[in-house]
Amino acid sequence: MTGRGLPVKVSDNTLYFLSFFGERMPDFHPVAQTLLDWFAQNMRPLPWRADYSPYHVWISEVMLQQTQMERGVEYFRRWIAALPDPPAVATAHEDEVLKLWEGLGYYSRARNLIKAARVMVRDHHGRVPDDEAALRALPGIGPYTARAIASLAFGHDLAVVDANVERVFSRLFDVDTPVRETATKRRIADLAQQLLPPGRARDYNQAVMEFGALVCRKNPDCGHCPLAAHCEARRLGIVAHRPVPGKQADIQHVDVATGVVRRGGLLFIQRRPEDGVWGGLWEFPGGTVEPGEIPEQTIVREYMEELEWAVAPTRRIATIRHGYTRFRVTLHCFELEFLHGDAENPPLHEATQCRWIPLADLGRYALPAGHRKLADMLSAAEGGEGEGEGERKK
DNA sequence: TAGACGTGGCT
DNA sequence: TAGCCAAGTCT
């Protein structure tokens, strides 16, 4: 592979070659070396690759959980500009943090960043801790992220396993058991760790993931693959069947009704409970259309159940389709007339706070994606102020 | 351990 | 259009 002398020993992950001067020079497993070379030529420029500061690596890794890299970049820049270090996160208001996260999904990640930052301030001098165990103990940091931070930011020789790594090694070594199973995960973790070139964990881990994202994709680009000669799945002609998938949760279709109440030029929003879906985000009240109901009936029932308000739908604003986790949602949106109830201090049965706000202020609040679309339609209808994805906080 | 937890892009 | 999927974690 290297053309550099004779292999004299295979030890752990390292092949030793004799140099021209007779010294033992470390070289790496051909697969690892190929990945390192490929990465050096093909890595995408990313903001957190500028200096690999532990704080930047932590934020980027959490942002990228279950998220495509391109989508994370702009969120990352905005986050770092607003909250430059762990103490800033520790003292930030949750509403500000959720607004920075709006649209990324899995909002417990954002809430956990605050919790973890507070632990860093309390126990780690306001810094990201540098060992795997301490990282693993922080909220929102699991086995992947702990090893990613330890290797990328601190240079520890720890291999990471994410969906890319599972796909790449499943194909290279023809792993024929479902990747969801614990035993399979352990086998892939062992393979990744065995191939890790000592001292090169930062580049190696990113190389495998980047290679999985750009070449060894779900629909792989085997024609341009530098590892084709090493790939067992390719030799067997079963690349499309690796990795072996687990059971898929089936998609459920649901109809949801929501409605906007206006009163004296203000509109009503409420804040969702911390636990559960969209925890801590703001929304227009509403809920699932039950069997036998039409959406107009649902929204009347929901306002009575959630706020003990009587309302009447006056206009259908829009029908918005979006998805979340395993649901496909059709969101029926209504303009509502407030009939009676305690407008100023309603009992909150499905919320922790509520507010009457001007339409122009809607952009300051973190809303679920479906409600953000509705909010933007309302803003656009009223002359375009606060249009787009909502104004960002200055 | 399996299910909950979001979203937008791609096929 | 509908299904699949992405630098996972928590319970």
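In this text, all values refer to a predicted model and were calculated from it rather than measured experimentally.
The nearest whole Å value for the distance from the CD atom in A:Gln65 to the C1' atom in C:dC10 is 11 Å. Here the P atom of nucleotide C:dA6 and the CE atom of A:Met69 are 13 Å apart, to the nearest Å. The CG atom of A:Leu104 sits 12 Å away from the C1' atom of C:dA6 (whole-angstrom rounding). Taking atom CD on A:Glu61 and atom C1' on C:dT9, their separation rounds to 14 Å, with Å as the unit. Atom pair A:Tyr107:OH and B:dT7:P shows a separation of 4 Å (rounding to whole Å applied). In this structure, CZ of A:Arg44 is placed 8 Å from P of C:dA7, rounded to the nearest angstrom. One can place CZ of A:Arg111 at 12 Å from P of C:dC10, the figure rounded to the nearest angstrom. Residue A:Ile320 contributes atom CD1, which lies 11 Å from atom P of B:dG8 at whole-angstrom precision.
A ring-centre distance under 6.0 Å is not found for A:Trp101 and A:Tyr106.
Between A:Leu307 and A:His349 there is no side-chain heavy-atom pair separated by less than 4.5 Å. Considering only heavy atoms from C-beta on, A:Phe169 comes within 4.5 Å of A:Leu195 through its side chain.
Ranked by how close their nearest DNA chain B nucleotide is to the 5' end, A:Arg180 and A:Gly279 are led by A:Arg180. Comparing A:Gly323 and A:Asn219 by the nucleotide of DNA chain B that holds the closest heavy atom to each, the one mapping nearer the 5' end is A:Gly323. DNA chain C is contacted by both A:Met209 and A:Asn112; A:Met209 maps to the nucleotide lying nearer its 5′ end (nearest heavy atom per residue).
Between A:Ser108 and C:dC10 there is no side-chain N or O to OP1 or OP2 distance below 4.0 Å. Distances shown here put a side-chain N or O of A:Trp278 below 4.0 Å from the OP1 or OP2 atom of B:dT7. In this model, the phosphate group of C:dG8 is not approached by any side-chain N or O of A:Arg109 to a distance below 4.0 Å at OP1 or OP2. For the pair A:Thr67 and B:dG6, the criterion of a side-chain N or O lying under 4.0 Å from OP1 or OP2 is not met. The shortest distance between the side-chain N/O atoms of A:Gln66 and the OP1/OP2 oxygens of C:dA6 is not below 4.0 Å.
Taking the ring centre of A:Tyr52 as origin, the terminal cationic atom of A:Arg202 falls inside the region bounded by 6.0 Å and 45° from the ring axis.
Residue A:Arg321 is classed as having no contact, given no heavy-atom separation below 4.0 Å to the nucleic acid. In this structure, A:Arg71 reaches the sugar-phosphate backbone alone: every heavy-atom distance under 4.0 Å involves primed, P, OP1 or OP2 atoms, never a base. Using a 4.0 Å heavy-atom distance criterion, A:Ala148 is classed as making no nucleic acid contact. Heavy atoms of A:Arg49 sit under 4.0 angstrom from at least one base atom. Within 4.0 Å (heavy atoms only), A:Ser60 reaches no atom of the nucleic acid at all.
Below the 3.5 angstrom threshold, one finds a donor paired with an acceptor across the side chain of A:Tyr106 and the base of B:dG6.
Between the P atoms of C:dT9 and B:dG8, the separation comes to 22 Å (whole Å). Between C:dA7 and B:dA2, the distance separating the two C1' atoms is 23 Å to the nearest Å. Taking atom P on both C:dA2 and B:dC5, the two are 23 Å apart, rounded to the nearest angstrom.
Salt bridge A:Arg109/A:Glu61: absent, no basic N to carboxylate O contact under 4.0 Å.
Side-chain atoms of A:Gln193 and A:Arg147 include a donor-acceptor pair closer than 3.5 Å.
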